There are 2 protein chains.
Amino acid sequence: MTTTPRRARAPRQSDVARLAGVSQSAVSRVIGGDTDAARIPEATVRRIQEAIKELGYVPNPTARKLRTGRNRLLGVHTFEAVFPRAREDFYFEFLLGIEERAEEIDHDLVLFTSTGGADGRRRVYRDGVNRLNVADGAVLLGVAADRAELARLEADGYPFVHIGRREVPGTRITCVVPDYESAAAAIVDRLADLGHTRVGYLSAGIDEESYADRRRGYESAVARRGLRDVSPAGPPGPGGVPDAAWLDRVADGALTAVVADAEWLAHPFAEALAARGLAVPRDVSVAVLEGVAADAPVRWDCLEIPRREVGRVAIDTLVGLLDEPGRDVTDVLVPCVVVEGETVAGVSEGSAG
Amino acid sequence: MTTTPRRARAPRQSDVARLAGVSQSAVSRVIGGDTDAARIPEATVRRIQEAIKELGYVPNPTARKLRTGRNRLLGVHTFEAVFPRAREDFYFEFLLGIEERAEEIDHDLVLFTSTGGADGRRRVYRDGVNRLNVADGAVLLGVAADRAELARLEADGYPFVHIGRREVPGTRITCVVPDYESAAAAIVDRLADLGHTRVGYLSAGIDEESYADRRRGYESAVARRGLRDVSPAGPPGPGGVPDAAWLDRVADGALTAVVADAEWLAHPFAEALAARGLAVPRDVSVAVLEGVAADAPVRWDCLEIPRREVGRVAIDTLVGLLDEPGRDVTDVLVPCVVVEGETVAGVSEGSAG
DNA sequence: TTGAAAGCGCTACCAT
DNA sequence: ATGGTAGCGCTTTCAA
């Protein structure tokens, strides 16, 4: 048995060319499948392919990338968590969609993992080096995206898309986002269809784009349907309990339906109602504007956030950006599904007014 | 406000050089920190750094890699599973160690994710292309490592280490492995120290290197300490229940201690003993040659597999390979800790003999 | 139909 | 101390 020397130099196109008795460019063309443009005779192609096989030649992706700017590598950068850990549920479905779609379109994925700061937050730029640059472009995700880094990436002309809306003043970044606005509006429409005319919005008070989207959808639908908005004035107290004065008004029949932008607001609200002798959905309907685990204690009417689809769309959007660098896409919306649960009902006679 | 043209060409060293009024190689030297070798005056260095800042220059890792063969990118390839899922995941602790160490030595990690086959198994080679090639080297893991791929990688001279021993005939692959052999021997030594002279080995019958390691450690220690080996003849029946005839001999006092190479063998064994009126560890001591969850129903005497440390060592070994391509490392052993539980005791008087 | 050669951005050698 | 330049492996234009 011949002992292969360890760490032998990898064969290059020129080696293949020499063995096949052709020029290096011929080899390149055969590998690139360019046999149409410059018709290479069957026989030559075969000779080259044999040489490739004999030498065990594999193209060098680095050289390819340097030359063409592409290497069919897409980066994925998450701004927090080491390997998907605490937020594993949050990321997981997105990642599945990303992977699934990348593979369908024959791209490889590169997951950038290293943190970079002692704070555990992940950075794109380390010592001024854009680590993502080895990939053709990247999908970024993370609730705590660093806006300065996004802005810099954008200024550097690095192609990327962000999952979740992120607005950075003076910058147009391409985002792929669940369409919370339409979903919130659809829920209000449903309430209106069921006869509700006085509704309220329970806000967690989170200052983030996706929550603004929900609120906007709610407000536009309330206006469009001519409903009366009877939302509490301020943010909830600790534990998500709403303002007591407002609760008393609700107990007096000030509204018949409430929309909460987080599940953890709905629970204390329902309990506060119960304490006042009201029941959900008999007296007040409640809908939640986010996804709720299937095994949750209460089957809230809620949203289903199409995480997987968002991941897939992110890949397609990114590749679109790569193929057409001129394009200026900003938001790509992915529809949410409204899930009917057990907490929304028609207006009961007693509370109609 | 000036509108930056989207997707502007990234600045190169030559741009910096022009702006600073120096040659491109001077720029390269400043960036490479080579100011010692070829003393560049303070003033020049500063001018160059200003130009770098003004232009927002960042080095191109692809070009770097093409030139030097290194880009401080280490690949991680897992042969199965999509994204590392839960904490309990087989991979998780290894990955933590890998990430931790890579970061300490200022390398970035690239997680190769895409499957490649319809079977869901991950491949290194796809259409003959070694996808790992963008990284300087890689750590591979996976219980179902494809030996053919390992052999090919090795033949191609690609630098990699494998976590867990994998033997491929005719090939010397570098493995980082928990030292099961020593650990198994240490456990037997402890049993011998406690007065046990007749012992048995419960094998799950898994045909894998790490199980062979355990058995070897057991057998060498048994021989060295002059113990009598009273192991069951064949593999366990369904459910891990050992051969009944052998159990009867155990009930007759044929041995006083047993070592199991999997936790799921220890349970049915203990139950079978109980059915025959024997107790663990009163009559028979039992040790498990693998890690056991801290919250397991029985606190077995067992091993603690240093997964995190294995990950760290894998990185160091890999980088060692990169720095000294000539070296021919094969197995790197990482010590296991023997965890004392409640299932091993000294030989009781009644069963001594 | 095929080959020669330029050049992607960088590092390092060899001049000055 | 600094600059010119070769060349990493590849794709692609231009000539032959």
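Every chain is numbered from 1, with letters handed out A, B, ... down the list of sequences. What you see is a predicted model; the values in this text were computed from it and never measured.
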Practice problem: Whole angstrom is fine here: how far is it from CG in N60(A) over to C1' in dT11(D)? | Solution: 13 Å

Quiz item: Between R12(A) and S25(A), who's closer to the 5' end of DNA chain D by nearest nucleotide?
Solution: R12(A)

Practice problem: Using whole Å, report how far CG of D136(B) lies from C1' of dC8(D). | Solution: 14 Å

Practice problem: Decide, yes or no, whether a salt bridge links E50(B) with R46(B) under the criterion of side-chain N to carboxylate O below 4.0 Å. | Solution: no

Exercise. Return the value, rounded to whole Å, for the distance between atom CD1 of I31(B) and atom P of dC10(C).
Key: 7 Å

Self-check item: No-H, no-angle donor-acceptor pair, R67(B) side chain to dG9(D) base, under 3.5 Å
Solution: no

Practice problem: Nearest whole angstrom, please: distance from the C1' of dG9(C) to the CZ of R70(A). | Solution: 19 Å

Practice problem: For L66(B) and for Q24(B), find the nucleotide of DNA chain D with the closest heavy atom, then tell me which residue's nucleotide is more 5'. | Solution: Q24(B)

Self-check item: Under 3.5 Å donor-acceptor, D136(B) side chain and R72(B) backbone
Solution: yes

Practice problem: Quick one: label T68(A) by what it contacts on the DNA or RNA (base, sugar-phosphate, nothing), any heavy atom closer than 4.0 Å. | Solution: sugar-phosphate

Practice problem: Using whole Å, report how far CD of E42(B) lies from P of dA1(D). | Solution: 13 Å

Quiz item: Can you tell me if R47(B) uses its side chain to pair, donor with acceptor, with the backbone of A20(B) under 3.5 Å?
Solution: yes

Quiz prompt | Sidechain N-carboxylate O distance under 4.0 Å for D323(A), R70(A) | solution = yes

Practice problem: Let me know the distance between CZ of R29(A) and C1' of dT12(D), rounded to the nearest Å. | Solution: 9 Å

Quiz item: Nearest 0.5 Å, what's the CG-CZ distance between L95(B) and R308(B)?
Solution: 11.5 Å

Practice problem: May I have the distance from D15(B) (atom CG) to dC10(C) (atom C1'), rounded to whole angstrom? | Solution: 13 Å

Self-check item: Nucleotide of dG3(D), dG9(C), dT11(D) approaching Q13(A) most closely (side-chain heavy atoms)
Solution: dT11(D)

Quiz prompt | Relative orientation of the end axes in the helix from dT1(C)-dA16(D) to dT16(C)-dA1(D), expressed as an angle to the nearest 10° (five pairs per end) | solution = 50°

Practice problem: Name the nucleic acid region contacted by T44(A), choosing base, sugar-phosphate or nothing; use a 4.0 angstrom heavy-atom cut-off, strictly under. | Solution: sugar-phosphate

Quiz prompt | Salt bridge flag under 4.0 Å for residues D316(B) and R101(B) | solution = yes

Quiz item: For dA4(C), does OP1 or OP2 lie under 4.0 Å from any side-chain N or O of S23(A)?
Solution: no

Self-check item: Which nucleotide in dT12(D), dT11(C), dC10(C) has an atom nearest any side-chain atom of S28(A)
Solution: dT12(D)

Quiz item: OP1, OP2 of dC10(D) versus side-chain N and O of R64(A): anything below 4.0 Å?
Solution: no

Exercise. Whole angstrom is fine here: how far is it from CZ in R18(A) over to P in dT2(C)?
Key: 19 Å

Practice problem: With sequence neighbours excluded, give me every salt bridge (charged side-chain N to carboxylate O under 4.0 Å, His left out) pair touching residues 10-25 of chain A. | Solution: R9(A)-D15(A), R12(A)-D15(A), D15(A)-R18(A)

